Structures are given as structure tokens and as C-alpha cells.
Amino acid sequence: MTSAPSAGQSVHTQVVEGFGTVTITPVDPAADSALIHSWVTQERARFWGMGGASRELVQEIYEDVDRRTTHHAFMVSRDGEQVALFQTYDCAEDRVSECYEVRPGDVGVHLLIGPAEGPAERGFTGALMGVFMGFVFSDRAARRVVVEPDARNTKAIARMERTGFVLGPEVVLPEIDLPEVHLPAKPARLAFFSAPGADSQAVPGAASGAVSATG
């Protein structure tokens, strides 16, 4: 997860039986900022922390991510329709490293599902989650996925547990105040998911070849 993929070129495609074809493509800040802005400024995305951001600021933020070799952002499409924003990062090069003992191969992830049109589809986020985990662990250097949802986001924490993550401690991610980025301090709940073979955990849905559920 340390190489810098090119925007517009898919880095992972997976056909999920009964769900569709999921494609993961690096964010193009100029082309994707309007859609991302429409997602992150909704009330449902309040824990993403960008509710007051302008479209221009969203573009600047993802241009900054695009310049980094340790942090990556991806648009996720299902059968050609963009449905989610997925981010990965090297935990050793992120503020989360100040909150726990980072192991070699720890990869942090963030996930934002776009708003659904019509009624929620059962198993939708879980199918995507299985694809994401498979994508992260396709890099053999990745040994463990680390998430740090807002400690107040009980829905996300419960979802991580159902997906198979092991809950860790509640921590406070420190404030980052730099010219190119500002992140306020955040109460977070750490959770961990080890690579297949690293311990008794496995990628969701991997045993059957299909992927299962999240919301």
C-alpha cells in the first residue's frame, strides 16, 4: 500500500456473485471532488469530519492525499456507478501511531458509503467490505487492518464487530494543525483485523468465494 497508483486506472476489480462487479480506482481530485463533497457534507456523514467543507477545500484535501506515498484515496464503483470512498494509510506515518503500538504491516482504512437511492440494500456495505479487505491483503506486506471510527459512532463500531474486527481501546487521536491540513482531535475506538493465516481471523466471505454484509 505504499506505491502511488494513478488516478483513472483501476487497481482492483472483483466480481461478487449476486452483487455485481466492484472496481476500485484512485480518486481524481478534480473530477471526483464534487461527488465527494456532496457525500461528506450530508448529516449522515458527520463523523467524516468535513461537514462544513467547500467543494474547493475537498479538492485541495484530496490533492494533498494524492501527493503522499503513505496515504491513498479510492473511488469504488459497482457495475460502473460510484458508490463509496475508500482510503488506506500507513499507520506508522499517521497520527494513530501516537495512540497504540504500531506493528509492521498495519494498514489503516477509512470507508464512506455514498447515499443510497431508494431503500437500503441488505448486505450492500458488507459486500463492499469484503472486497476492500481482499484488496488490502492482496499486498503481502499488509498484515493487519486497523480502523479508528469516532467513539460516538456506535453503528460503525457495531458493524466492525460483526465483520470480525477485534475491538481495541478507546483513544483520542491528536490534533493535526499544518498549513496543508487541519484535523481536530478525535475520540476514536480502535479495532483490528489480521490477515488470513496471521491468526484465527479470515477475510469476510473469503471461504465461500462470495462476500457477505455491512451497513
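Worth saying up front: this structure is predicted, and the values here are computed from it rather than measured.
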*State whether Phe19 and Arg78 meet the cation-pi test: NZ (Lys) or CZ (Arg) under 6.0 Å from the six-membered ring centroid, and within 45° of the perpendicular axis.*
yes
_Does any part of the side chain of Ser77, heavy atoms only, come nearer than 4.5 Å to the side chain of Thr25, both counted from C-beta?_
no
_Leu112 and Trp39, any side-chain heavy atoms less than 4.5 Å apart_ = yes
*State whether Glu43 and Arg46 are salt-bridged, where the test is any N-O pair (Lys NZ or Arg NE/NH1/NH2 against Asp/Glu carboxylate O) under 4.0 Å.*
yes
*Could you tell me whether the side chain of Leu173 reaches within less than 4.5 Å of the side chain of Val96, counting heavy atoms only?*
yes
_As an exercise, state the distance from CG of Leu57 to OH of Tyr62, rounded to the nearest 0.5 Å._
10.5 Å
*Asp106 (side chain) donor-acceptor with Arg103 (main chain) under 3.5 angstrom*: yes
*Close side-chain approach of Leu111 to Thr125, heavy-atom, < 4.5 Å*: yes
*Any chance you could measure Thr23, atom OG1, to Gln82, atom CD, to the nearest 0.5 Å?*
10.5 Å
*Would you call the rings of Phe135 and Phe74 parallel, tilted or perpendicular if under 30° counts as parallel and over 60° as perpendicular?*
perpendicular
*Using 4.0 Å as the upper bound for N to carboxylate O, is an ion pair formed by Glu148 and Lys186?*
yes
*Any side-chain heavy-atom pair from Val145 and Phe165 closer than 4.5 angstrom?*
yes
*Using atom types as modelled and distance alone, determine if a side-chain donor or acceptor of Arg95 lies under 3.5 Å from a backbone N or O of Pro174.*
yes
*Does any non-hydrogen side-chain atom of Val76 lie less than 4.5 Å from one of Val22?*
yes
*asked:* Would you say that His72 contacts Val65 through its side chain, given a criterion of any heavy-atom pair below 4.5 Å between the two side chains?
replied: no
*For Gln59 and Pro29, work out which heavy atoms get closest and say how close.*
CG-O, 3.7 Å
*asked:* Measuring from atom CE of Met75 to atom CG of Leu85, what distance do you get when rounded to the nearest 0.5 angstrom?
replied: 6.0 Å
*Close side-chain approach of Phe86 to Leu128, heavy-atom, < 4.5 Å*: no
*Can you check side-chain contact (heavy atoms from CB on, under 4.5 Å) on His110 and Tyr89, steps first, answer last?*
CA-CA 9 Å; His110 297 297; Tyr89 60 90; 3.4 Å; yes
